[in-house]
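Since the structure comes first, as structure tokens, the remarks are kept for the end.
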Number of protein chains: 2
Amino acid sequence: MVNLMHGNLNAQSSQPDKVDIYLHPLFKHCDDNFIKTLGTISRKITCEKGQTLLFRGDKAVFFYLIRSGCVKLYRETIDGTLAVVDILTAGQVFCEISIFEKCHHPYNAEVVEAGEVIMIPVELLQEEIKNNHQFALDVLRLVANHCRQQERELEHRSLQNAAQRIGCFFLRLLNRREGEGGTFHLPYDKMLVASRLGMQPETFSRALAKLKKETGIHIKGSKIKVDNISNIAKYTCSACSSEFPCKDLDFSKGR
Amino acid sequence: MVNLMHGNLNAQSSQPDKVDIYLHPLFKHCDDNFIKTLGTISRKITCEKGQTLLFRGDKAVFFYLIRSGCVKLYRETIDGTLAVVDILTAGQVFCEISIFEKCHHPYNAEVVEAGEVIMIPVELLQEEIKNNHQFALDVLRLVANHCRQQERELEHRSLQNAAQRIGCFFLRLLNRREGEGGTFHLPYDKMLVASRLGMQPETFSRALAKLKKETGIHIKGSKIKVDNISNIAKYTCSACSSEFPCKDLDFSKGR
DNA sequence: CTTGAAAGTTGACTATAATCAAGGCAATAA
DNA sequence: TTATTGCCTTGATTATAGTCAACTTTCAAG
């Protein structure tokens with residue numbers, strides 16, 4: 001469930017520290033000249049927890065890449081209810097639609113964990129998309145991946161219960177690590193994980209307890225120890241249309 | 001909620017009869033020569049109710065455009081539970097991802113109302129995407145619109161109740177007609193509408209009764225009469241992050 | 001017109017998650 | 001050290017939708 005397909009770089013490490021924009025697959029078909037321009041024109045900013053990077057409705061003038069820290073994308077109704085769109089960590093990107101379309105931000109972006117964010121002016125990318133056909137296709141792939149991810153989440157809202165959604169989230173975190181089983185840390189606060197999965201903190205707490213009971217995982221704070229991955233898969237993926245391991249987990253094969 | 005942004009042609013009529021592929025905005029930047037080739041190479045098939053157009057997992061070799069009738073896109077878990085991805089009517093398209101990526105179908109497609117479907121070989125479009133930069137951008141826009149639609153639906157699953165989701169669905173149907181208020185017909189069976197909105201038929205029935213009570217709409221079979229649109233908007237859109245009328249309703253302005 | 005099947009509705013009950021409230025725990029500041 | 005704060009958990013209750021069953025309506029076939 002975590003936004004692997006939203007453009008992750010450091011797939012091997014569970015919690016990448018800092019990432020290099022030049023390594024992002026989005027730029028793999030860009031020549032050195034362009035990458036150099038990227039490096040000089042992009043803004044690198046250090047952001048504090050609580051800082052708002054962009055407001056919904058504002059004109060999109062930058063494409064964003066997270067070098068470190070954690071960013072929450074969300075919308076808000078008039079009465080103040082939040083709908084969290086996504087929570088992104090190091091290596092992930094957002095505002096990709098602004099690369100090819102003049103648009104206004106469809107969500108707010110708030111820093112929930114201090115870090116560094118790179119802002120690339122969209123004109124630069126819009127120019128590249130015209131000149132570099134391969135880059136246009138890579139943008140398409142990025143958007144399509146995002147689309148597929150949302151399709152899956154929409155399905156999960158219908159078919160999976162809270163505990164199963166958490167299980168799926170864990171499987172995706174585990175997938176970012178090599179090897180079988182083992183221990184990992186939640187990438188951010190439990191409250192944030194809850195909002196990311198579209199549930200209340202209380203529901204998350206109870207559902208996590210249920211997942212523990214059903215699959216035998218060990219939980220200590222934000223540290224999760226999994227002895228047997230297939231236990232989670234059996235419990236979680238039975239309520240999903242993708243058979244385990246689902247193809248979108250296996251992003252190394254590049255579909 | 002109905003798939004307006006998924007590529008609709010005959011926006012002015014509530015239930016378009018047959019549509020012309022050449023009018024689809026996806027092809028607006030293609031020259032006459034290409035359109036002519038489209039006409040000769042595409043397959044036009046007549047399909048019966050119940051017919052399966054494609055199976056999940058099959059290799060994608062066609063891009064589909066619905067000329068008339070109704071197609072259900074869905075996934076299925078091992079135990080047979082369905083998750084309806086979308087229900088498409090005349091003028092709408094599917095399998096757009098196959099245009100730029102070799103992929104396998106992420107869902108099944110079943111004809112739920114007899115009609116005509118046009119199948120365009122993806123090679124033809126993959127060629128065009130390389131030669132025609134504007135077409136590539138139009139594909140990007142199509143995918144991005146689909147993406148935005150899903151973002152909205154995901155939000156609605158969290159923030160709106162069943163009756164509000166139906167109200168939003170109605171607003172979108174009304175938006176396809178010109179003028180204020182008036183009467184429209186459901187584009188397909190109530191059971192299908194229910195599945196499209198991710199709820200059980202019983203829940204739909206009850207929620208529709210609730211919507212009627214709350215907004216004063218008149219219901220007779222599949223015919224819905226709305227005297228005051230803003231009643232629906234007030235009831236429905238209060239639980240949505242988009243203020244009414246939301247921008248994606250107003251697709252004529254082309255964002 | 002009758003008949004049968006499918007769609008749609010309604011009622012009773014259950015499952016799931018949201019809400020409200022209280023308390024525990026851990027990190028940090030005083 | 002204690003106090004404070006925010007995160008997290010737990011309990012009790014409520015809201016919402018799902019499930020199962022019975023019934024009505026609609027529509028098409030005969």
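Throughout, a chain's letter reflects where its sequence line sits, starting with A, and its residues are numbered from 1. These values consider heavy atoms only, across backbone and side chains, with no hydrogens, waters or symmetry-generated copies.
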Please state how far atom [atom1] in [X] lies from atom [atom2] in [N], giving the value in whole angstrom units.
X      : N      : atom1 : atom2 : answer
A/E113 : D/dC7  : CD    : P     : 12 Å
B/K213 : C/dT10 : NZ    : P     : 13 Å
A/E214 : C/dT16 : CD    : P     : 11 Å
A/K190 : C/dC25 : NZ    : C1'   : 11 Å
B/K212 : C/dT9  : NZ    : C1'   : 12 Å
B/M191 : C/dT9  : CE    : P     : 11 Å
B/R157 : C/dA17 : CZ    : P     : 15 Å
A/K49  : C/dT28 : NZ    : C1'   : 13 Å

Before accepting this row, confirm whether a basic side-chain N of the pair [X]/[Y] lies closer than 4.0 Å to the acidic partner's carboxylate O.
X      : Y      : result
B/R75  : A/E155 : yes
B/K225 : B/D227 : yes
A/R157 : B/E153 : no

Rounded distance [0.5 Å steps], SG in B/C95 versus OH in B/Y64: 6.0 Å
CD on A/Q164 to CG on A/L159, rounded to 0.5 Å: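 Interatomic distance, A/L159 CG to A/Q164 CD, rounded to 0.5 Å: 9.0 Å.
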Given B/I97, B/L54, B/L73, the one that forms side chain to side chain contact (heavy atoms under 4.5 Å, CB included) with B/H105: B/L54
Heavy-atom protein contacts under 4.0 Å, nucleotides 13-27 of chain D, coded B base, S sugar-phosphate only, - none: ----SBBBB------
Within 6.0 Å of CE in A/M191, more than 12 heavy atoms from elsewhere: no
Full working for side chain to side chain donor-acceptor pair (under 3.5 Å) between A/R165 and A/T236: CA-CA 7 Å; A/R165 291 217 297 283; A/T236 298; over 6 Å; no
Test side chain to side chain donor-acceptor pair (under 3.5 Å) applied to A/S241 and A/R152, step by step: CA-CA 9 Å; A/S241 71; A/R152 188 185 59 239; over 6 Å; no
Given D/dT9, D/dC7, C/dT10, the nucleotide with the shortest approach to the side chain of B/S205: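 Among D/dT9, D/dC7, C/dT10, the one nearest the side chain of B/S205 is C/dT10.
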Bend angle of the helix from C/dC1-D/dG30 to C/dA30-D/dT1, end axes from five pairs each (to 10°): 30°
